[in-house]
Amino acid sequence: MIGGKTIISEEVFADLVKTAMSKVGSVAVSTGEGSALAVIAKKVAERVVPQVNVKKTDAITGEGDQGTVGHVAFEVKVTVIYGANIPDTVVALREMIVKEVETITGYQVDKVDVLVEKLLKSEELELAKPEA
């Protein structure tokens, strides 16, 4: 077995969290990418871009040690679609983030703090979608 460090950047963790968020139906996620949006749609899209703060600790392992790579914690600011049950949405989001991050990186997720910043009505969500 060849030894060496494995270091995963915080940007990778943020991308994994955003991917997990997109799998929870009642969390509004927009990357701000896509075809040209109308001015109003662009403003709405900017409102739902999630913010992810990553705090990671890389494990100090011995030579040839193949255990957990490290620990990571998140602070996530999200927009929830109006009408969704917020406690249920947050539980589903935490579970999805833990599953996504631990499966792909091997890092142990210590905690996921979720700040629900906004509610988004369904008609506002339609405006945030890219034009086909």
Using a strict threshold of under 4.0 Å (side-chain N to carboxylate O), is an ion pair present between Glu100 and Lys23? yes
Item to complete: Can you label the angle between the Phe13 ring and the Tyr107 ring as parallel, tilted or perpendicular, going by 30° and 60°?
Response: perpendicular
| query | Where do Leu16 and Ile104 land on the side-chain contact (heavy atoms from CB on, under 4.5 Å) test, with the steps shown first? | reply | CA-CA 9 Å; Leu16 288 171; Ile104 293 177; 3.6 Å; yes
**side-chain contact (heavy atoms from CB on, under 4.5 Å) assessment of Phe74 paired with Val109** = CA-CA 8 Å; Phe74 301 101; Val109 177; 4.2 Å; yes
**Asked** Within a strict 4.5 Å, meaning less than it, do heavy atoms of the Met21 and Val76 side chains meet?
**Response** yes
Test Thr79 against Val27 for side-chain contact (heavy atoms from CB on, under 4.5 Å), laying out the working first. CA-CA 6 Å; Thr79 299; Val27 175; over 6 Å; no
Is it true that Tyr82 and Ile86 fall in one hydrophobic cluster, defined by side-chain heavy atoms closer than 4.5 Å?
-> yes
Rounded to the nearest 0.5 Å, the CG atom of Asn53 sits from the CG atom of Asp113 at a distance of 10.0 Å
The reported gap from CG in Leu120 to OG in Ser26 (rounded to nearest 0.5 angstrom) is 12.0 Å
The residue among Val116, Val24, Leu93, Asn85 that forms side-chain contact (heavy atoms from CB on, under 4.5 Å) with Val80 is Val116
Distance col, row Ile8:CD1 vs Thr105:OG1, nearest 0.5 angstrom, shows 5.0 Å
| request: Run the numbers on Val78 and Glu117 for side-chain contact (heavy atoms from CB on, under 4.5 Å), then give the verdict. | output: CA-CA 6 Å; Val78 298; Glu117 280 194 312; over 6 Å; no
Count I, L, V, M, F, W, Y as connected when their side-chain heavy atoms are under 4.5 Å apart, and connections chain through other members. Are Val72 and Leu115 then in the same cluster?
no
Do Val17 and Asp15 come close enough that some side-chain heavy atom pair is under 4.5 Å? no
NE2 (His71) and NZ (Lys55) are apart, to the nearest 0.5 Å, by 16.0 Å
Rounding to 0.5 Å, atoms CE (Met96) and OG1 (Thr19) come to a distance of 11.0 Å
